[in-house]
Amino acid sequence: MSQPLTPVESKVYHYLIDFLSENTYQPSVRDIGRQFGIKSTKTVSEVLQALANKGYIERDASRSRGVKLLGHELGGRTMPVPYYGKIHAGEPALLPEHRRGFITMDRRFIPGDDVFFMKIIGDSMIGRGLFEGDYVMVRPSRTAQHGEMVAARFGEDATVKTYELRAGQIVLTPANPAEREIPVTKDDDFALLGIVCGVFRPFQELVASH
């Protein structure tokens, strides 16, 4: 898709994606007009045709809902993965009120229905390719193997580190020589959240608007 979209085309395109995800069918030309205050169906049709010409949709102009989003599948091939912005001290650590939203992923890359995302803060794991602002996918687990990258909870604080066992003691190690190791003691309010199984790195985050 080499041709950029105009601001109006971009808004309509995002509306088509959101509407289809929520309703499993496409909006009509009149639906689009009402959404954006466009009184002329001809104008809406021209915007849709521009999206088709630029390769974002396929269109059957003879049908009111004759739009197909190219590259978008509704056949159960995607799954929304929740993103949590805060960790609860205690169990369960992940509460619905702390969920910030969802990141929709191709199901081929999701190892289980209970995975979730956390956002990386700081640079303690740069040696293992994680940078501030990355979203890591976590597969819940109460146990981990030596050397695995894990998400863990200390009180209400969450951290991502390498899990190590040394003489029976858990030590969470950073991948940055400027950061310190965290030995886990029996007095710590500590819980393993899960194993890091993927990373999503947005180079730009946009606020959705309609």
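Keep in mind the model is a prediction, meaning the values are calculated, not measured. Position 1 is the first residue of the sequence, and the numbers go up from there.
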### Task
Check whether any side-chain heavy atom of Arg142 lies under 4.5 Å from a side-chain heavy atom of Leu192, and answer yes or no.
no
### Query
Hey, does Phe36 have a side-chain heavy atom less than 4.5 Å from the side chain of Val8?
no
### Message
Quick check for you: to the nearest 0.5 Å, what is the distance between Glu181 atom CD and Leu172 atom CG?
### Response
9.5 Å
### Task
Please name the pair of heavy atoms, one in Asp134 and one in Gly129, separated by the smallest distance, quoted to 0.1 Å.
OD2-O, 3.9 Å
### Query
Any chance the side chains of Gln35 and Asp31 put a donor and an acceptor closer than 3.5 Å?
no
#### Entry: Flag side-chain contact, heavy atom, 4.5 Å: Pro111 against Met137
yes
### Query
Going hydrophobic residue to hydrophobic residue with side-chain gaps under 4.5 angstrom, can you get from Leu16 over to Tyr56?
yes
### Message
Quick check: do Phe190 and Ile170 have side-chain heavy atoms less than 4.5 Å from each other?
### Response
yes
### Under 3.5 Å: donor-acceptor pair, side chain of Arg65, backbone of Gln26
yes
### Message
Main chain of Thr185, side chain of Asp188: is a donor-acceptor contact present, judged purely on distance under 3.5 Å?
### Response
yes
### Task
Decide yes or no on side-chain contact (heavy atoms from CB on, under 4.5 Å) for Val12 and Leu5, but give the supporting numbers first.
CA-CA 10 Å; Val12 170; Leu5 299 180; over 6 Å; no
### Message
In terms of relative ring orientation, are Tyr135 and Phe200 parallel, tilted or perpendicular, with 30° and 60° separating the classes?
### Response
tilted
#### Entry: Shortest non-hydrogen contact between Cys197 and Arg139, atoms and distance
SG-N, 3.9 Å
### Query
Looking at CD of Glu46 and OG1 of Thr41, how far apart are the two atoms once the value is rounded to the nearest 0.5 Å?
10.0 Å
### Message
Can you confirm whether more than 12 heavy atoms, excluding those of Leu165, are under 6.0 Å from its CG atom?
### Response
yes
### Task
For side-chain contact (heavy atoms from CB on, under 4.5 Å), just list the numbers for Arg128 and Val196, CA-CA rounded to whole Å, side-chain angles, deciding distance to a tenth of an Å, and then say yes or no.
CA-CA 12 Å; Arg128 295 197 65 175; Val196 173; over 6 Å; no
#### Entry: Test log, rule side-chain contact (heavy atoms from CB on, under 4.5 Å), inputs Leu69 and Tyr13
CA-CA 9 Å; Leu69 290 168; Tyr13 179 59; 3.7 Å; yes
### Task
Check whether any side-chain heavy atom of Phe102 sits under 4.5 Å from a side-chain heavy atom of Phe117, and report yes or no.
no
### Same apolar cluster: Leu20 and Val47, side chain cutoff 4.5 Å
yes
### Query
Roughly how far, to the nearest 0.5 Å, is the CG atom of Asn176 from the CG atom of Asp123?
5.0 Å
### Task
Check whether more than 12 heavy atoms from other residues, nucleotides or ligands sit under 6.0 Å from atom CZ of Arg180, and answer yes or no.
no
### Message
Check Glu9 with Lys54, please: is the shortest side-chain N to carboxylate O separation under 4.0 Å?
### Response
yes
### Task
Hey, could you give me the OG1/NE2 distance between Thr162 and His146, rounded to the nearest 0.5 Å?
9.0 Å
### Task
Compare every heavy atom of Tyr163 with every heavy atom of Gln145, then report the nearest pair and how far apart it is.
O-CD2, 3.6 Å
### Message
Are Ile121 and Glu132 packed together at the side-chain level, in the sense that at least one heavy-atom pair is separated by less than 4.5 angstrom?
### Response
yes
### Task
Indicate, with yes or no, if Ile195 and Val184 share a hydrophobic cluster defined by side-chain heavy-atom contacts under 4.5 Å among Ile, Leu, Val, Met, Phe, Trp and Tyr.
yes
#### Entry: Ser45 side chain reached by Gln49 side chain, heavy atoms, under 4.5 Å
no
#### Entry: Shortest non-hydrogen contact from Ala158 toward Leu193
CB-CD1, 4.5 Å
### Task
Give the intermediate values and the outcome of side-chain contact (heavy atoms from CB on, under 4.5 Å) for residues Thr173 and Lys161.
CA-CA 6 Å; Thr173 63; Lys161 296 287 187 291; 5.8 Å; no
### Query
Which pair of non-hydrogen atoms, one from Ala151 and one from Met118, has the smallest distance, and what is that distance?
CB-SD, 3.8 Å
### Query
Are Tyr84 and Val150 linked, directly or through other ILVMFWY residues, by side chains that come within less than 4.5 angstrom of each other?
no
#### Entry: Within one Ile-Leu-Val-Met-Phe-Trp-Tyr cluster: Ile38 and Val67, side-chain cutoff 4.5 Å
yes
### Residue pair Ile120 / Met125, side-chain heavy-atom distance below 4.5 Å
no
### Presence of salt bridge, Asp189 and Arg153, under 4.0 angstrom
yes
### Summary
Distance col, row Leu130:CG vs Arg201:CZ, nearest 0.5 angstrom, shows 7.0 Å
